[in-house]
Amino acid sequence: MIINLMIFWAINRYNLFYKFIRIDMAHQDKKWQNFYEKAWSIRAEFMSEFLNGGGYNALQIIGELDKKERLNHLGADENGDLKWHKASSPSQKFNFANIPHNKITSLNGLNILVPFYTNTSVVNMIIDALSFEHYDSIVELGCGYGQNLFKIFYNGGGVDLKYFGGEFTKSGVEMARKLANIEPNMKAEFFHFNHLKPKFDKKFDFGERVLVFTCHTIEQVREIPDNWFKVVANIAPFVRCIHAEPFGFQIASLGEASQKHKEYFIKNGWNLNFAKTLKKAGENGDIIIEDAILEYSCGTDPFNPTSIAVWRSV
């Protein structure tokens, strides 16, 4: 009974607020571009309080924002202004603090009830991937303010690795650069990147072997171009790319979660061609597809499950 009530609540909350909380996108209509710039600027303003106060490293500042967003979310009020709102949950709470016991997430197409702090860590997956082979640099496309790259650096990525982040929003790139400025041991560069028109400045030296990744950033790009994978595969002699993106429903419906996911993406015109374009790039000989796992996820959003695709250059 409890899980059914929580799923009902999650569905309604999803329908009301989902469009207000996604921020990692490369391109959208002008209305949405302005919205995401505003969302990033509000987060940047929050982080700037700690950045300007001194005494914090980049990971600590990112941790302050993570803490803020665990129990709060950015949403539009009745006037359309973005503001922080306390997150609500039908779950029972701890007696000592207003922290939920549980949350609804999804795995293999099914909605499941898990402890509140359960999350699949894509960052840890990237860190472990770096340990199996030598790479000269790591590149995240759609990096926001670079939180994943900073977490990788601090948790085992290494000081010899070069870190690159491509991001569509101006406010995201600016904050990432500010955070990088207080990390003298991290060799990091951040630049503008648009998934609809993928290109890389020749001034960047990615090295001979590069690990690229994306994490829920292609999802709201209506259609990525046919040459996306070919362009990325040619930034270095050897490129491996890991995608943590919600594309599973494009291949198969595993259950109620993937069906709800598909319906919402179709309704909003969000990405529907990732899987098709990936497959075509493989068939054309642009890349070699190594792995694909559908709905490999216990994330924060039960109706936007993460799938994994891995490919390398030819």
Side-chain angles (χ1 to χ4, degrees), residues 2-3 5-7 9-25 36 38-51 53 56-77 82-107 111-127 140 142-155 171-172 175-176 179 215-217 219 244 246 257 297-306:
I2 292 176
I3 188 169
L5 287 173
M6 289 191 70
I7 291 172
W9 167 85
I11 291 172
N12 282 280
R13 182 177 183 273
Y14 174 76
N15 290 334
L16 288 170
F17 292 111
Y18 184 85
K19 66 180 181 180
F20 297 124
I21 60 176
R22 297 304 306 158
I23 57 177
D24 296 331
M25 74 178 298
Y36 293 112
K38 180 62 176 176
W40 274 123
S41 67
I42 291 174
R43 287 169 170 82
E45 181 180 357
F46 176 83
M47 289 188 286
S48 292
E49 296 179 14
F50 302 95
L51 184 65
Y56 285 82
N57 62 38
L59 187 63
Q60 290 171 317
I61 294 172
I62 290 169
E64 291 292 340
L65 181 59
D66 284 347
K67 181 171 63 177
K68 178 79 170 178
E69 295 198 300
R70 274 195 295 273
L71 299 174
N72 301 271
H73 69 270
L74 267 180
D77 62 18
L82 285 181
K83 293 183 179 179
W84 291 106
H85 299 271
K86 283 286 185 183
S88 59
S89 170
S91 171
Q92 290 182 314
K93 310 296 194 302
F94 284 94
N95 292 324
F96 81 97
N98 191 32
I99 297 174
H101 289 180
N102 305 300
K103 68 178 181 181
I104 294 293
T105 185
S106 63
L107 181 66
N111 293 123
I112 57 176
L113 187 67
V114 297
F116 181 70
Y117 292 101
T118 301
N119 283 303
T120 300
S121 176
V122 174
V123 166
N124 284 345
M125 181 182 182
I126 300 298
I127 292 169
E140 182 179 11
C143 70
Y145 58 88
Q147 65 162 323
N148 290 330
L149 291 171
F150 289 106
K151 288 176 180 178
I152 291 169
F153 171 74
Y154 267 98
N155 290 284
S171 48
M175 177 50 66
L179 292 172
C215 185
H216 281 258
T217 177
E219 63 184 37
S297 172
C298 276
T300 57
D301 189 338
F303 300 101
N304 199 26
T306 306

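This structure is a prediction, so every number in the text was calculated from the model and none was measured.
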Ignoring hydrogens and angles, tell me if any N or O in the side chain of [X] forms a donor-acceptor pair with the backbone of [Y] under 3.5 Å.
X: Asp301; Y: Phe303; answer: yes
X: Lys103; Y: Pro302; answer: no
X: Thr120; Y: Gly299; answer: no

For the student: nearest non-hydrogen atoms of [X] and [Y], plus distance:
X: Phe116; Y: Pro100; value: CB-O, 3.3 Å
X: Ser171; Y: Trp40; value: OG-CB, 2.9 Å
X: Glu219; Y: Pro246; value: OE1-CG, 3.3 Å
X: Tyr56; Y: Gln60; value: CA-OE1, 3.3 Å
X: Ala44; Y: Met175; value: O-CE, 3.3 Å

Exercise for the section: For Asn98, enumerate each residue passing the side-chain contact (heavy atoms from CB on, under 4.5 Å) test, keeping only those at least two apart in sequence or located in another chain. Expected result: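 Counting only residues at least two positions away or on another chain, Asn98 forms a side-chain contact (heavy atoms from CB on, under 4.5 Å) with Lys93.
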Flag side-chain contact, heavy atom, 4.5 Å: [X] against [Y]:
X: Phe50; Y: Leu65; result: no
X: Leu179; Y: Ile61; result: yes
X: Asn57; Y: Tyr154; result: yes
X: Ser106; Y: Asn111; result: yes
X: Asn102; Y: Ser89; result: no
X: Lys68; Y: Asn72; result: yes

Handout entry: Phe94 ring center within less than 6.0 Å of His101 ring center
Key =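 Here the rings of Phe94 and His101 have centres that are less than 6.0 Å from each other.
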Practice task
Please assess Ile126 against Glu140 for the test side chain to side chain contact (heavy atoms under 4.5 Å, CB included), listing each intermediate value before the final yes or no.
Solution key: CA-CA 11 Å; Ile126 300 298; Glu140 182 179 11; over 6 Å; no
Problem - side-chain hydrogen bond (donor to acceptor under 3.5 Å, both in side chains) partners for Ser48, two or more places apart - result: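 Ser48 satisfies side-chain hydrogen bond (donor to acceptor under 3.5 Å, both in side chains) with no residue once adjacent residues are dropped.
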Roughly how far, to the nearest 0.5 Å, is [atom2] of [Y] from [atom1] of [X]?
X: Asn304; Y: His216; atom1: CG; atom2: NE2; result: 5.5 Å
X: Ile104; Y: Thr300; atom1: CD1; atom2: OG1; result: 13.5 Å
X: Arg70; Y: Lys67; atom1: CZ; atom2: NZ; result: 8.0 Å
X: Leu59; Y: Ile152; atom1: CG; atom2: CD1; result: 12.0 Å
X: Ser88; Y: Leu71; atom1: OG; atom2: CG; result: 11.5 Å
X: Thr118; Y: Ile112; atom1: OG1; atom2: CD1; result: 8.0 Å

Handout entry: More than 12 heavy atoms of other groups within 6.0 Å of Asp77 CG
Key =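 Counting other residues, nucleotides and ligands, CG of Asp77 exceeds 12 neighbours.
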Exercise for the section: Report, as yes or no, whether the 6.0 Å neighbourhood of atom CD on Glu45 holds more than 12 heavy atoms from other residues, nucleotides or ligands. Expected result: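 Atom CD in Glu45 is not packed in, count stays at 12 or less.
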